[in-house]
Amino acid sequence: NILLLLVFLAVRAANKGDPRSGKIERRRWLLSFTLFFAVVYVPYYAWRFFFYGYPFPNTFYAKGGGTYYLLRRALRSLKLFTKNVTLPVAGLAALPLLSRRLNSWVLTCYGIIVVRTGFQLWSGGAWIGRFRFLVPALPFTYLLAVTGLHDVAAALLLAARKRRAA
């Protein structure tokens with residue numbers, strides 16, 4: 001959760017206010033978003049810490065992470081996941097990177113994918129299989145693929161209109 005918060009904050013900090021209205025200042029938005037997150041997350045985290053007695057979830061202590069063996073296992077799993085699940089849309093999901101304007105939600109989608117993939121690599125992946133650590137990134141991959149298709153279709157339509165007009 002904290003890593004995802006950092007993704008949202010980094011993307012928003014790079015933005016110059018609300019893209020729709022242009023009136024919201026960056027600092028004010030960052031402060032309000034951080035306060036909203038804190039109001040929701042801090043009580044939950046405090047309860048969890050006092051109930052379980054540890055700052056991180058049990059899986060953090062049980063799995064460990066960051067070892068060469070786990071990285072190799074995670075890379076094998078990531079390769080299989082990419083080949084069997086995301087390969088058809090991976091190229092389409094990369095298309096928004098070619099756009100001249102990367103808006104904040106596109107950057108947020110890429111950030112979430114990077115965080116989920118990073119967790120997969122650090123933890124060694126799910127020992128039981130089924131790619132359960134990578135599946136949460138799929139909706140964001142599909143959103144980026146649809147955005148890429150839309151950008152290509154819009155560019156082709158614009159080119160066709162220019163040819164007709166000439």
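Position 1 is the first residue of the sequence; numbering continues from there.
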Would you say [X] and [Y] make side-chain contact, with heavy atoms under 4.5 Å?
| X | Y | value |
| --- | --- | --- |
| Leu95 | Thr147 | no |
| Leu92 | Leu144 | no |
| Arg76 | Lys79 | no |

With sequence neighbours excluded, tell me which residues meet side chain to side chain contact (heavy atoms under 4.5 Å, CB included) with Val40.
Phe36
Following the transitive rule for hydrophobic clusters with a side-chain heavy-atom cut-off under 4.5 Å over Ile, Leu, Val, Met, Phe, Trp and Tyr, establish whether [X] and [Y] coincide in one cluster.
| X | Y | result |
| --- | --- | --- |
| Phe37 | Tyr45 | yes |
| Phe49 | Tyr41 | no |
| Leu156 | Leu149 | yes |
| Leu121 | Leu138 | yes |

Contacts under 3.5 angstrom, residues 112-119 side chains, donor-acceptor by atom type, not counting sequence neighbours:
| residue | atom | partner | partner atom | Å |
| --- | --- | --- | --- | --- |
| Arg116 | NE | Phe133 | O | 3.2 |
| Arg116 | NH2 | Phe133 | O | 3.0 |
| Thr117 | OG1 | Ile113 | O | 2.8 |

Nearest heavy-atom pair of [X] and [Y]: which atoms, and what distance?
| X | Y | result |
| --- | --- | --- |
| Leu78 | Gln120 | N-NE2, 4.2 Å |
| Pro96 | Asp151 | CA-OD2, 4.2 Å |
| Gly125 | Ala74 | N-CB, 4.1 Å |
| Pro43 | Ala38 | CD-O, 3.5 Å |
| Ala126 | Arg132 | CB-CG, 3.6 Å |
| Leu143 | Cys109 | CD1-SG, 4.4 Å |

Could you give the distance from CG (Leu97) to OH (Tyr110), rounded to the nearest 0.5 Å?
3.5 Å
Between the OH atom in Tyr68 and the CG atom in Leu70, the distance rounded to the nearest 0.5 Å is 12.0 Å
Using a cut-off of 6.0 Å, state whether more than 12 heavy atoms not belonging to Tyr52 lie near its atom OH.
no
Using a 6.0 Å cut-off, check whether atom CZ of Phe140 has over 12 heavy atoms from anything other than its own residue.
no
